[in-house]
Amino acid sequence: MPSSAGRRPTLPDGFLSRMRELLAGEVEDLVASLDLPRSRGLRINPAKTTAAELAALLPVELAPSPASPVGLVVSGGSGLGAHPAHRAGLFYLQDPSAMVPVEVMAPAAGWRVADVAAAPGGKTTHLLGRVGEEGMVVANDVSASRLRALHENLDRWGSASVATCTLPLDRLGGWAPGAFDAALLDAPCSGEGLFRREPEAILQWSDALIAGCARRQSRLLDQTADLVRPGGSLVYSTCTFEVEENEAQIAGFLERHADWALEPTGPVTGARPGLAAPGVEAGATLRIYPQDGLGDGQFVALLRRVDGPPPEPEPPARRGRGRGGAERESVARWERFRRESCPGLTLDPGRVVARGTAVWYACDLGSGLERMARPGMPLGVARPGRFQPSQALACHLRPEDAALRHDLAPEDPRLDRFLHGEELESAGPDGWVLVCYGRWGLGWGRRSQGTLKNHLPRELRS
């Protein structure tokens with residue numbers, strides 16, 4: 001049970017015994033670090049801003065992070081999740097150590113990447129920043145309930161290069177064998193590296209949990225490997241310290257898969273070389289401990305598929321406006337909205353698809369369009385006689401793309417009112433208005449006779 005308010009639960013004896021075997025005389029340092037304030041970090045959205053521009057907007061001190069070129073360490077201040085710059089998708093709040101797996105993968109512009117345990121979206125948004133609009137990320141999570149947080153974060157990020165799904169990994173691999181340049185498995189684990197951030201993880205810890213996680217990780221690794229093309233890479237990460245869930249998983253995977261090899265991750269400031277295991281050299285993987293100051297606990301390994309048959313070709317992607325009259329009408333309403341309300345937006349019309357009244361800017365998914373929870377960026381929903389644009393579209397647009405806009409400067413008191421869901425006084429023509437924070441889209445309003453009705457989704461209002 002937890003001790004007095006503000007104190008973490010007592011660490012289990014079994015955990016301490018395991019850490020003494022792993023860290024010898026450093027156990028006291030690890031335990032002491034769990035009572036210190038956790039590292040605070042954020043990651044810039046490179047499609048929207050720069051470190052210098054963001055520093056001028058936020059009431060905190062920012063310093064470069066060794067974890068990532070787009071990562072910053074945060075000092076001072078609080079409540080950044082409610083800041084308008086966060087609402088507009090200029091940055092993602094993320095522990096610095098959690099940035100390391102994507103940096104180890106080092107995906108290039110144009111890559112197709114599968115993030116197979118994606119919610120709530122930290123690594124997905126990081127991947128999107130690397131692959132750019134010419135690439136694609138398929139973000140999967142087997143828990144449908146976790147997709148809501150993932151979708152909210154993706155809407156803020158504003159990328160048109162991501163699709164989401166909630167498929168068991170064997171089904172995902174069966175649909176798209178060898179279809180990706182890389183895959184990221186941030187595996188479910190015993191969570192020891194999160195003890196400082198999530199004290200409830202201490203209460204859930206047990207030897208049985210570790211053994212169960214290890215069995216599940218082995219299965220997930222095998223299933224994730226099916227997604228990667230020959231020559232492609234797979235990054236495996238956890239937030240635990242257990243050898244059974246880390247180096248031993250890599251050793252077992254390599255023993256089962258002769259067509260894969262372990263690649264050294266290279267050094268990261270604040271991270272330690274991984275341990276040796278059968279077939280795994282010491283230093284080929286990375287370990288991050290909270291007492292070393294980079295962030296919470298993390299393990300990272302980089303695997304590469306060196307051989308194997310090419311993937312089976314897929315049927316051509318279904319393109320266009322949908323198959324029925326309802327879908328055609330939905331797309332027609334979108335096209336009228338685009339011409340009237342965001343004439344500066346350029347989209348490939350072949351990627352615009354509809355499911356009933358919902359309209360999407362779909363990714364190139366081959367035969368997988370219908371398997372997706374979201375086949376791409378939501379554009380909006382066709383309502384009787386009108387089209388209602390999405391929050392994702394608002395955060396994707398540049399202000400100059402919109403026919404009507406309402407600018408709110410950072411010091412404008414109406415900015416807080418809008419974020420609370422209030423209507424605003426707004427002079428100008430009637431119609432859909434892109435509400436902007438500085439040079440970024442923040443949300444939609446519908447203006448009528450000088451009043452701007454707030455269309456910010458209720459779950460995003462402060």
Side-chain angles (χ1 to χ4, degrees), residues 47-49 57 83-90 155-160 321 326-349 351-354 356-361 376-462:
K48 292 190 174 185
T49 192
L57 295 172
H83 195 279
H86 183 254
R87 305 288 191 87
L90 274 61
D155 286 351
R156 280 191 291 265
W157 204 251
S159 173
R321 291 167 163 75
E327 285 82 6
R328 287 194 295 272
E329 177 58 26
S330 296
V331 172
R333 290 184 183 175
W334 151 255
E335 290 177 343
R336 286 195 295 271
F337 170 84
R338 185 194 61 77
R339 289 194 301 269
E340 295 170 0
S341 300
C342 42
L345 175 65
T346 302
L347 296 179
D348 176 2
R351 287 178 56 183
V352 177
V353 301
T357 60
V359 184
W360 311 83
Y361 191 55
M377 180 177 70
L379 297 173
V381 178
R383 303 293 189 194
R386 63 185 176 89
F387 186 86
Q388 183 164 331
S390 70
Q391 178 67 18
L393 179 62
C395 290
H396 175 77
L397 283 171
R398 301 172 304 170
E400 58 266 30
D401 293 334
L404 302 175
R405 54 189 278 192
H406 185 102
D407 294 320
L408 296 172
E411 64 277 5
D412 192 328
R414 295 175 298 172
L415 181 59
D416 282 340
R417 289 177 54 199
F418 179 77
L419 293 174
H420 279 84
E422 297 179 21
E423 294 183 348
L424 301 179
E425 305 79 21
S426 178
D430 291 354
W432 284 104
V433 177
L434 181 66
V435 179
C436 300
Y437 166 69
R439 62 183 187 89
W440 304 280
L442 188 62
W444 290 105
R446 187 166 176 82
R447 188 159 56 204
S448 177
Q449 298 181 344
T451 298
L452 193 68
K453 183 179 179 181
N454 197 314
H455 281 266
L456 193 69
R458 293 189 180 278
E459 63 270 17
L460 301 183
R461 299 177 183 182
S462 49

Distance in Å, [X] [atom1] paired with [Y] [atom2], rounded so as to fall on 0.5 Å steps:
X    : Y    : atom1 : atom2 : answer
Y361 : L345 : OH    : CG    : 8.5 Å
R156 : L460 : CZ    : CG    : 6.0 Å
H420 : L415 : NE2   : CG    : 10.5 Å
L347 : M377 : CG    : CE    : 6.0 Å
L408 : F418 : CG    : CZ    : 7.5 Å
L419 : R87  : CG    : CZ    : 5.0 Å

query = Can you find a heavy atom in the side chain of N454 that is under 4.5 Å from one in the side chain of R461?
reply =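 In short, these two side chains touch, coming nearer than 4.5 Å.
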Acceptor/donor pairs from residues 429-437 side chains to any protein atom, 3.5 angstrom cut, sequence neighbours excluded:
{"unit_1": "D430", "atom_1": "OD1", "unit_2": "Q449", "atom_2": "N", "d": "2.9"}
{"unit_1": "W432", "atom_1": "NE1", "unit_2": "F387", "atom_2": "O", "d": "3.2"}

ask   = Is the shortest side-chain N to carboxylate O distance from E340 to R333 below 4.0 Å?
value =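 Looking at R333 together with E340, the answer is no, because their closest N to O distance does not fall below 4.0 Å.
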request  = Could you list all the salt bridge (charged side-chain N to carboxylate O under 4.0 Å, His left out) pairs where at least one residue sits in residues 377-403, not counting sequence neighbours?
outcome  =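 Those involving residues 377-403 are R398-E400, R398-D401.
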Pairs satisfying salt bridge (charged side-chain N to carboxylate O under 4.0 Å, His left out), at least one member in residues 439-449, at least two apart =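 Residue pairs passing salt bridge (charged side-chain N to carboxylate O under 4.0 Å, His left out), neighbours aside: E53-R439.
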Heavy-atom donor-acceptor pair, [X] side chain to [Y] backbone, under 3.5 Å:
X    : Y    : result
W440 : K48  : yes
E327 : A358 : no
R417 : L424 : no
W444 : S390 : yes
S330 : G356 : yes

Where [X] and [Y] come nearest, the two heavy atoms and their spacing:
X    : Y    : result
L452 : S426 : CB-CB, 3.9 Å
P84  : L442 : O-CD1, 3.9 Å
E425 : R414 : O-NH1, 3.9 Å

query = Where do R338 and L379 land on the side-chain contact (heavy atoms from CB on, under 4.5 Å) test, with the steps shown first?
reply = CA-CA 10 Å; R338 185 194 61 77; L379 297 173; over 6 Å; no
